[in-house]
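First up is the structure itself, then whatever we jot down about it.
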Amino acid sequence: MKEIVKRAHIWMDKYMKSFYEDDENVMLGIKTKETHTGYVTSYARELAMHLQLAEHDVLLAELVGLFHDVGRFRQWKLYRTFSDALSEDHASLGLKVIVELPFFRELSEDDRDVLLFAIENHNKKNIAPAPTQKHLLFAKIIRDADKLDIFRVLEPYLTGKKIQTFSKIPFEDENMMFAPGFIDKFVRGEQVDYNEIRTNNDRILVRLMWAYDINFAWTMLRIREKGYLPRVMEHLPQIEKVKRGYALLNDYVEKKCNSSDLPLVY
């Protein structure tokens with residue numbers, strides 16, 4: 001497994017660099033995802049080690065992190081957007097790349113199945129019914145690792161038109177504060193479909209709502225340590241419903257941070 005992971009890192013580095021161009025706008029997307037891949041790979045490995053997984057499974061988590069966004073590079077090349085709604089589902093694009101890799105078949109059938117399931121479900125609103133607890137665990141690991149770094153990636157894009165740098169989705173009404181019912185879902189601690197986003201504020205608020213989809217205390221502690229949520233809150237209208245939802249969110253975050261990720265059964 002160590003040898004496969006080593007070869008996977010070499011292949012991925014060459015693959016990402018194969019998308020390099022002289023166009024600065026193209027390179028912004030490519031370099032953003034290249035850096036993101038590095039962080040998520042490290043986070044997935046760290047989280048797996050925190051969960052006291054066997055060395056083999058720590059390496060598998062690292063592999064999932066490394067390949068989770070491999071579809072993004074082709075997506076950006078073809079469509080110049082990271083919006084799945086305006087192009088293709090980037091997880092599905094990634095699976096097409098992964099199954100053709102020369103070393104993919106060297107993994108055991110179980111490892112291949114878990115890797116594909118985790119990557120296929122890393123970007124979905126909800127995880128699909130999992131065949132086993134191991135499938136579910138690895139999907140949760142990559143979803144946490146991904147979100148932890150996405151807070152960092154998107155932090156510079158919290159205001160005005162700059163928030164649309166990678167999505168290219170036009171907002172329907174510049175004068176609308178939130179899409180109908182959007183803020184109510186936040187107060188209830190629910191997730192939303194990205195197709196429901198209509199305003200800048202919706203896109204910002206979604207970042208707070210991600211916290212309700214964090215699976216492990218390890219991840220939530222790092223989100224709190226980095227101060228991501230308060231900085232997101234600063235860019236939202238300070239109306240009563242937003243304040244109420246944020247207070248409930250803070251209570252949830254504290255409880256999650258004080259919970260235990262162990263013992264783990266899978």
Side-chain angles (χ1 to χ4, degrees), residues 28-29 32-33 36-37 40 68-95 117-129 139-140 142-215 219 223 228-229 231-233 235-237 241-242 245-246 249 252:
L28 174 62
T32 294
K33 286 303 174 184
H36 172 65
T37 295
V40 174
H68 86 285
D69 261 359
V70 69
R72 285 296 198 191
F73 298 92
R74 186 181 293 180
Q75 181 186 47
W76 186 253
K77 174 78 171 180
L78 293 175
Y79 304 104
R80 296 294 192 262
T81 180
F82 288 137
S83 168
D84 290 1
L86 295 180
S87 55
E88 295 182 61
D89 181 278
H90 73 274
S92 297
L93 270 173
L95 297 190
F117 179 86
I119 292 176
E120 184 176 15
N121 284 277
H122 87 272
N123 65 327
K124 303 301 185 291
K125 181 180 177 182
N126 299 300
I127 301 173
K140 288 180 175 180
I142 189 56
R143 286 167 72 92
D144 270 31
D146 191 28
K147 285 187 178 69
L148 178 55
D149 190 57
I150 285 292
F151 278 110
R152 177 196 62 81
V153 172
L154 294 182
E155 193 159 35
Y157 307 98
L158 276 166
T159 58
K161 293 295 183 181
K162 198 174 181 183
I163 201 172
Q164 294 172 272
T165 299
F166 296 125
S167 71
K168 313 299 183 188
I169 296 177
F171 297 129
E172 291 187 356
D173 189 344
E174 295 290 341
N175 298 314
M176 186 189 300
M177 187 175 291
F178 292 100
F182 213 87
I183 190 69
D184 296 307
K185 289 189 176 182
F186 173 53
V187 174
R188 293 195 299 268
E190 298 176 5
Q191 297 298 303
V192 294
D193 190 306
Y194 288 174
N195 292 327
E196 298 176 42
I197 292 173
R198 295 291 179 272
T199 73
N200 270 337
N201 290 329
D202 293 344
R203 192 172 295 282
I204 295 170
L205 188 61
V206 161
R207 302 183 196 184
L208 293 182
M209 298 165 92
W210 286 342
Y212 287 113
D213 195 37
I214 295 299
N215 297 286
T219 316
I223 290 171
Y228 289 135
L229 301 181
R231 290 198 295 275
V232 172
M233 179 63 177
H235 290 84
L236 287 166
K241 278 191 176 181
V242 171
Y246 187 64
L249 176 65
Y252 177 84

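- Here the shortest heavy-atom pairing between I142 and A118 reads CG2-O, 3.6 Å.
- Applying the side chain to side chain donor-acceptor pair (under 3.5 Å) rule to N215 yields the partners D144; only residues at least two apart in sequence or on another chain are considered.
- By the 4.5 Å heavy-atom criterion applied to side chains, F73 and K33 are counted as neighbours.
- To the nearest 0.5 angstrom, L148 atom CG is 6.0 Å from Y228 atom OH.
- A search for salt bridge (charged side-chain N to carboxylate O under 4.0 Å, His left out) contacts involving D202 returns nothing, not counting sequence neighbours.
- At distances below 3.5 Å, at least one donor-acceptor pair connects side-chain atoms of N121 with backbone N or O atoms of A128.
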- request: Starting from the C-alpha separation in whole Å, work towards a yes-or-no answer on side-chain contact (heavy atoms from CB on, under 4.5 Å) for L236 and L208.
  value: CA-CA 10 Å; L236 287 166; L208 293 182; 3.6 Å; yes
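- Salt bridge absent: R143 and D146 never bring a charged side-chain N and a carboxylate O closer than 4.0 Å.
- Summarising the geometry of A139 relative to F117, their closest heavy-atom pair is CB-CE2, 4.0 Å, with the distance given to 0.1 Å.
- Below 30°, between 30° and 60°, or above 60°: for F151 and W210 the angle between ring planes is above 60°, a perpendicular geometry.
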field: Y79 and E88: CA distance, side-chain angles, deciding distance, side-chain contact (heavy atoms from CB on, under 4.5 Å) verdict
entry: CA-CA 9 Å; Y79 304 104; E88 295 182 61; 2.6 Å; yes
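- Residues passing the side chain to side chain donor-acceptor pair (under 3.5 Å) test with K185 are E196, sequence neighbours excluded.
- A distance of 8.0 Å separates CE of M176 from CZ of R198, quoted to the nearest 0.5 Å.
- Figure legend: K241 and F182 shown without cation-pi pairing, the cationic atom not lying both under 6.0 angstrom from the six-membered ring centre and within 45 degrees of its axis.
- Shortest non-hydrogen contact noted between R207 and Y157 is NH2-O, 2.7 Å.
- Residues passing the salt bridge (charged side-chain N to carboxylate O under 4.0 Å, His left out) test with K124 are D89, sequence neighbours excluded.
- The side-chain contact (heavy atoms from CB on, under 4.5 Å) test with I204 singles out one residue from V232, T199, L154, and that residue is V232.
- Of all heavy-atom pairs between A91 and N123, the closest is CB-OD1, 3.3 Å.
- Under the side chain to side chain donor-acceptor pair (under 3.5 Å) criterion, D193 pairs with N195, not counting sequence neighbours.
- Inter-residue side-chain proximity for M233 and V242 is flagged as met; some heavy-atom pair is nearer than 4.5 Å.
- The closest side-chain heavy-atom distance from I214 to I223 is below 4.5 Å.
- Of all non-hydrogen atoms in F178 and L205, the two that sit nearest each other are CE2-CD2, 3.9 Å.
- Annotation: side chain of I150 is not in contact with side chain of V40 (no heavy-atom distance under 4.5 Å).
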- request: Starting from the C-alpha separation in whole Å, work towards a yes-or-no answer on side-chain contact (heavy atoms from CB on, under 4.5 Å) for Y212 and L249.
  value: CA-CA 8 Å; Y212 287 113; L249 176 65; 3.6 Å; yes
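- S87 meets the side chain to side chain donor-acceptor pair (under 3.5 Å) test with Q75; sequence neighbours excluded.
- Checking each of R74, H68, H122 against H90 for a side-chain contact (heavy atoms from CB on, under 4.5 Å) leaves exactly one that passes, namely H122.
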